[in-house]
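First up is the structure itself, then whatever we jot down about it.
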Amino acid sequence: MAILPFYKKVDIFTKQSEEAKKFSKELKAWLESKNIQSNIFENLSDLEKEENLKGTDLLVVVGGDGSLLITARRVAKFQIPIIGINLGRLGFLTEINKDDAIKELETILSKPLCISKRMMLRVSLFREGNKILEADVLNDVVINKAILARIVDVSVYVGDRYITTYNGDGIIVSTPNGSTAYALSAGGPIVYPMMEVFVLVPICPHTLTDRPIILPTLEPITIKMVSKEKDAWLTLDGQEGTQIFYGDEIVVKQSPYYAHIVRTPYKNYFDILREKLNWK
């Protein structure tokens with residue numbers, strides 16, 4: 001199968017494991033045998049330098065869904081298409097199995113890329129009026145109680161309108177892409193990943209009538225920590241966390257960036273749902 005001539009540069013980001021590094025070298029050699037330039041990146045800082053990805057037609061992530069998430073956050077601003085190769089079980093994002101990767105990449109590169117644009121979140125943490133953190137995430141922003149805390153109280157606003165104060169283990173603000181991650185485990189809905197909405201899901205709420213809500217992205221969501229003498233954690237995509245305290249405010253809005261996820265042409269989103277969730 002012939003690879004289209006306009007694919008000139010396909011780079012690789014590899015997970016820090018011997019298996020991933022070995023496979024990445026094999027993949028690089030195959031790409032170069034097809035006259036495609038390829039670089040292997042092992043450090044996340046390399047992905048934040050625009051010059052490293054100049055002219056990149058596709059970035060292949062060798063690892064799992066977590067590796068793809070952390071990669072997407074760093075390259076979204078460059079609008080680089082990314083695709084994941086899973087070294088373990090089939091993931092929601094890394095849907096290509098390692099054993100079939102070469103064959104599947106050859107098929108993918110034989111035609112124009114099928115790109116799915118996924119909305120991202122921009123989260124800002126304010127303390128005493130000062131912004132101390134800002135980041136973009138692909139899946140979710142999570143506020144969890146600390147290990148020894150019984151419950152955490154958070155007041156939630158859409159724009160300047162108060163919704164309610166949730167009492168429980170915390171709260172999740174998810175993208176549609178992240179609706180099949182932690183939000184699903186907490187009882188949230190599955191949302192088609194190319195939609196653009198916020199998914200607000202309380203975690204183990206003390207009041208059973210506190211239910212998940214789907215909200216438009218027109219206005220930011222503000223979450224205020226109102227639990228005195230209690231602390232909690234703010235976690236981004238399940239990977240980066242910071243401790244938060246009484247009086248802190250977390251503002252979540254739609255990021256100006258999108259993750260450009262390359263889909264395999266033979267498998268659609270519902271195929272993945274059936275396989276992952278054991279649907280008939």
Side-chain angles (χ1 to χ4, degrees), residues 3-17 20-21 23-25 27-32 34-86 91 93-94 96 101 105 108-109 111-125 131-141 175 177-178 193-194 196 217 236-242 251-263:
I3 289 178
L4 293 182
F6 53 75
Y7 295 116
K8 303 294 185 183
K9 186 168 182 272
V10 176
D11 289 326
I12 302 164
F13 177 73
T14 180
K15 182 181 178 181
Q16 292 290 334
S17 74
K21 292 178 182 179
F23 178 76
S24 295
K25 291 178 181 177
L27 180 57
K28 174 180 166 68
W30 175 78
L31 287 166
E32 291 177 343
K34 300 293 183 178
N35 297 315
I36 297 175
Q37 180 185 348
S38 183
N39 300 306
I40 297 176
F41 301 114
E42 297 182 9
N43 299 312
L44 289 170
S45 59
D46 292 331
L47 299 180
E48 296 171 342
K49 300 173 183 176
E50 187 173 7
E51 61 269 23
N52 287 345
L53 297 172
K54 187 175 181 179
T56 299
D57 298 305
L58 176 66
L59 180 62
V60 180
V61 180
V62 179
D65 277 3
S67 299
L68 193 140
L69 284 171
I70 203 167
T71 300
R73 296 207 300 275
R74 282 158 175 80
V75 305
K77 60 186 175 182
F78 305 133
Q79 300 183 41
I80 301 292
I82 58 178
I83 192 166
I85 295 175
N86 202 317
L93 296 173
T94 50
I96 298 179
L105 279 176
I108 289 168
L109 295 174
K111 58 191 70 177
L113 297 176
C114 177
I115 297 175
S116 173
K117 288 178 63 177
R118 307 290 178 88
M119 71 163 276
M120 300 178 70
L121 303 175
R122 174 160 292 178
V123 55
S124 301
L125 172 61
K131 184 189 293 186
I132 64 171
L133 179 151
E134 182 174 86
D136 295 304
V137 300
L138 176 55
N139 262 7
D140 50 39
V141 174
T175 62
N177 190 80
M194 285 182 283
E196 296 190 13
T217 60
L236 311 178
D237 275 347
Q239 297 173 333
E240 300 176 18
T242 186
V251 178
V252 182
K253 60 184 179 181
Q254 184 170 0
S255 170
Y257 303 130
Y258 289 81
H260 292 71
I261 309 295
V262 175
R263 310 305 305 178

- What pair of heavy atoms forms the shortest contact from Phe78 to Leu47, and how long is it? CE1-O, 3.4 Å

- Task: Could you pull out all residues at least two apart from Asp57 that satisfy salt bridge (charged side-chain N to carboxylate O under 4.0 Å, His left out)?
- Result: none

- Message: Nearest 0.5 angstrom please: Lys8 NZ to Ile36 CD1, how far?
- Response: 9.0 Å

- Message: A side-chain contact here means heavy atoms from C-beta on lying under 4.5 Å apart; do Arg73 and Val137 qualify?
- Response: yes

- Atom CG of Asn52 and atom CG of Asp46: how far apart are they, to the nearest 0.5 Å? 5.5 Å

- Message: Given 3.5 Å as the limit, does a donor-acceptor pair link the side chain of Asn177 with the main chain of Met119, or not?
- Response: no

- For Lys28, which residues count as a side chain to side chain contact (heavy atoms under 4.5 Å, CB included) partner, sequence neighbours excluded? Ile12, Glu32, Ser38, Ile40

- Note on the structure: Those residues at least two apart in sequence (or on a different chain) that pass salt bridge (charged side-chain N to carboxylate O under 4.0 Å, His left out) with Lys21 are Glu42

- Query: Between the side chains of Asn39 and Asp11, does any donor sit under 3.5 Å from an acceptor?
  - Reply: yes

- Message: Please report the interatomic distance CG(Asp237) to CG(Asp136), rounded to the nearest 0.5 Å.
- Response: 10.0 Å

- Is Leu93 close to Val61 at the side-chain level, that is, under 4.5 Å between some pair of heavy atoms? no

- Search all heavy atoms of Pro81 against all heavy atoms of Ile115 and return the closest pair with its distance. CG-CD1, 3.9 Å

- Query: Tell me, do Val123 and Leu121 make a side-chain contact under 4.5 Å, heavy atoms counted?
  - Reply: no

- Item | Atom pair CG (Leu125) and CD1 (Ile132), whose distance is rounded to the nearest 0.5 Å | 4.0 Å

- Query: What is the distance from atom OG of Ser116 to atom CE of Met194, rounded to the nearest 0.5 Å?
  - Reply: 4.0 Å

- Query: Among Ile82, Ile108, Val60, which one satisfies side-chain contact (heavy atoms from CB on, under 4.5 Å) with Val262?
  - Reply: Ile108

- Task: Would you mind telling me which of Asp140, Asn139, Leu236 makes a side-chain contact (heavy atoms from CB on, under 4.5 Å) with Leu69?
- Result: Asn139

- Task: Would you mind reporting whether Leu105 and Ile85 have side-chain heavy atoms less than 4.5 Å apart?
- Result: yes

- So, do Gln16 and Asn43 sit near enough that their side-chain heavy atoms are less than 4.5 Å apart? yes

- Taking C-beta and beyond as the side chain, do Arg122 and Tyr257 meet within less than 4.5 Å on heavy atoms? yes

- Item | Heavy-atom closest pair, residues Tyr258 and Glu196 | OH-OE2, 2.9 Å

- Identify the heavy atoms of Gly84 and Thr94 that sit nearest to each other, and give their distance. CA-CG2, 3.5 Å

- Looking at side-chain heavy atoms only, is the closest gap between Val75 and Thr56 below 4.5 Å? no

- Item | Residues which pass side chain to side chain contact (heavy atoms under 4.5 Å, CB included) with Ala259, listed by chain and number, not counting sequence neighbours | Ala72, Arg118, Met120, Leu138, Ile261

- Any side-chain heavy atom of Leu44 within less than 4.5 Å of one from Phe13? yes

- Message: Applying side chain to side chain contact (heavy atoms under 4.5 Å, CB included), can you list everything that pairs with Asn35, at least two apart in sequence or on another chain?
- Response: none

- Roughly how far apart are Asn86 CG and Lys15 NZ, rounded to 0.5 Å? 8.5 Å

- Query: Can you list the residues that meet the salt bridge (charged side-chain N to carboxylate O under 4.0 Å, His left out) rule with Arg74, with sequence neighbours excluded?
  - Reply: Glu48, Glu240

